[in-house]
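Here the structure is laid out as structure tokens; the discussion comes afterwards.
Chain identifiers are assigned alphabetically (A, B, ...) following the order of the sequence lines, protein sequences preceding nucleic acid strands; residue numbering begins at 1 within each chain. Bear in mind the structure is a predicted one, so any value in this text is a computation, not a measurement.
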Amino acid sequence: MLQCHVKGCNANNFPLELQEVVLEQEEAEMNEDFLRNMLTKIEYDALVATCLKLDINDLPAAIPADAAYNDEFLQILHRVILETHIKSGKMVCPNCQHNYIIRDGIPNMLLAEHEV
Amino acid sequence: MLPTPDLSHLKRKDYEFVYEPAEDTFLFLDAFEDEVYFLKELQPAISLEIGSGSGCVTAFVGKILGESSCLKYCTDINPKAARATQGTAKQNKVSVDIIETHLVSGLLPRLEGQIDLMYFNPPYVLTPSEEVGSHSVEAAWAGGIDGREVIDEFLPYIKRLLSVKGAFYMVVVNENKPDEIREIMKNDGFDSSVVKTRLAGREKLFILKFVRTAA
């Protein structure tokens, strides 16, 4: 969901590319209504691309037509967006190559003064 | 009555670097308690707290919304506050994604019009302008002239981030000129109301609520 915001970096800067990532799985209660709600908010192609980079290849390449009522699909989506957490790593802007570091599960999006 | 989030994991030492919940925080919790019905009806898919500090408010709101019902984002410019929010979320079994950033930097334009619930207890204290811009605990209160410098920087983002049905809540004090803030927001297309108000020592606190004016 995050995007590069370095001054002048306006194109081709989403999704940020994840590198050197350590993942963590944590169980969470499944809520179908929430997942249906999220279907309209997710940039699905970016999600799939990012998952593939992390060797998570369970998501179908295209969003199923019956996504909202496809239990199997919702299960996968639940696991990916609610149960998979990035513990550490970095996010690299595909355009300007700026590195955003993730530490303790917290991405740092702060920029130096000359980058703002 | 909903219980106040468990903050027992935060010690005296933590509060040297992270704003300790005080009257303003508790008034914010009380306001959200009054808003329970509205929040449940709203069914936010994505929420965002700016400057989450100890994480007390987001843990409380998380309890209202319920497990796995909403992606809850928090931002804080202070790395120690970001970690305090994380600890509080864990302690209270609320899942939260925290981002270390200035206000909402890095969230736009991707989250444009996507946030259903947004709330901010801003640095509203009147201070010299030079005190604004810290990355430590001062960032929690130093508001510059009229306590408005950070608030005014943030206001233009509200119309960009909030979804059509979205609601925004903010703590202010009398010196911030709440009526003027409401007027600015009115010009941005928002209706406002005062959800709660309280006199706490010398501070007259208000919780303002903004929703888009029906077309």
Side-chain angles (χ1 to χ4, degrees), chain A residues 1-7 9-11 13-16 24-43 45-47 50 74-75 77-87 91 93 98 100-113 115-116, chain B residues 40 42-48 52 55 62 65-87 89-90 93-116 133 135 139 153 157 161 163-166:
Chain A
M1 293 275 192
L2 294 171
Q3 193 150 1
C4 185
H5 59 116
V6 169
K7 188 179 176 186
C9 180
N10 301 316
N13 58 3
F14 179 84
L16 296 172
E24 191 177 41
Q25 295 288 331
E26 206 172 335
E27 258 183 60
E29 196 183 301
M30 173 130 173
N31 180 335
E32 283 88 356
D33 285 338
F34 162 74
L35 293 167
R36 280 178 206 125
N37 236 332
M38 280 308 290
L39 286 173
T40 56
K41 306 221 180 208
I42 290 172
E43 196 125 340
D45 293 344
L47 181 68
T50 300
L74 291 179
Q75 279 282 356
L77 196 64
H78 170 70
R79 200 164 64 239
V80 170
I81 66 176
L82 281 190
E83 298 192 321
T84 308
H85 304 280
I86 297 169
K87 228 177 148 210
M91 301 184 290
C93 174
H98 187 91
Y100 296 96
I101 307 295
I102 305 171
R103 222 175 273 135
D104 307 327
I106 302 173
N108 182 345
M109 299 302 286
L110 288 170
L111 298 172
E113 226 156 84
E115 297 166 321
V116 180
Chain B
K40 287 191 192 267
L42 181 66
Q43 273 204 2
I46 303 182
S47 72
L48 171 65
S52 53
L65 299 177
E67 177 75 3
S68 300
S69 65
C70 176
L71 270 192
K72 293 177 279 295
Y73 287 107
C74 289
T75 68
D76 208 296
I77 196 167
N78 171 355
K80 292 206 163 72
R83 278 147 186 88
T85 295
Q86 193 177 45
K90 206 165 205 164
K93 300 190 174 58
V94 170
S95 76
V96 175
D97 285 305
I98 301 122
I99 301 149
E100 201 179 320
T101 197
H102 171 61
L103 298 176
V104 294
S105 295
L107 300 182
L108 280 164
R110 176 60 188 91
L111 286 176
E112 189 121 38
Q114 302 286 354
I115 314 280
D116 299 317
H135 286 201
E153 184 187 347
Y157 289 112
L161 283 161
S163 67
V164 176
K165 66 170 184 178

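- Taken to the nearest 0.5 Å, the SG atom of B:Cys70 stands 13.0 Å off from the CG atom of A:Asp33.
- How far CG of B:Asp97 is from CD1 of A:Ile106: 10.0 Å, rounded to the nearest 0.5 Å.
- Summarising the local packing, CD of A:Glu27 is surrounded by 12 or fewer heavy atoms from other residues, nucleotides or ligands at distances under 6.0 Å.
- Once rounded to the nearest 0.5 Å, the distance linking CD1 of A:Ile42 with CD of B:Gln114 reads 10.0 Å.
- Separating the CD1 atom in B:Ile46 from the CG atom in A:Asn37 is a distance of 9.0 Å, to the nearest 0.5 Å.
- For a residue to count as touching a neighbouring chain, one of its non-hydrogen atoms must lie under 4.5 Å from one of that chain's; by this rule A:Leu35 does not touch chain B.
- Contacts between B:Pro79 and chain A at a heavy-atom distance below 4.5 Å are absent for every atom of the residue.
- To the nearest 0.5 Å, atoms CE (A:Met109) and CD (B:Glu100) are separated by 11.0 Å.
- More than 12 heavy atoms of other residues, nucleotides or ligands shown are found within 6.0 angstrom of NZ on B:Lys165.
- Interface remark: B:Leu108 contributes backbone atoms only to the contact with chain A (heavy atom separation under 4.5 Å).
- For the pair A:Lys41/B:Leu111, no side-chain contact is recorded, criterion being any heavy-atom separation below 4.5 Å from C-beta on.
- Side-chain contact check for A:Met30 versus B:Glu67: every heavy-atom pair is 4.5 Å or farther apart.
- Atom CG of A:Leu111 is separated from atom NE2 of B:His102 by 10.5 Å, given to the nearest 0.5 angstrom.
- A distance-only check finds a donor-acceptor pair linking the side chain of B:Ser68 to the backbone of A:Glu29 [under 3.5 Å].
- Counting non-hydrogen atoms of other residues, nucleotides and ligands closer than 6.0 Å to CZ of A:Arg36 gives a total above 12.
- At a 4.5 Å heavy-atom cutoff, the contact between B:Ser105 and chain A is made by backbone and side-chain atoms alike.
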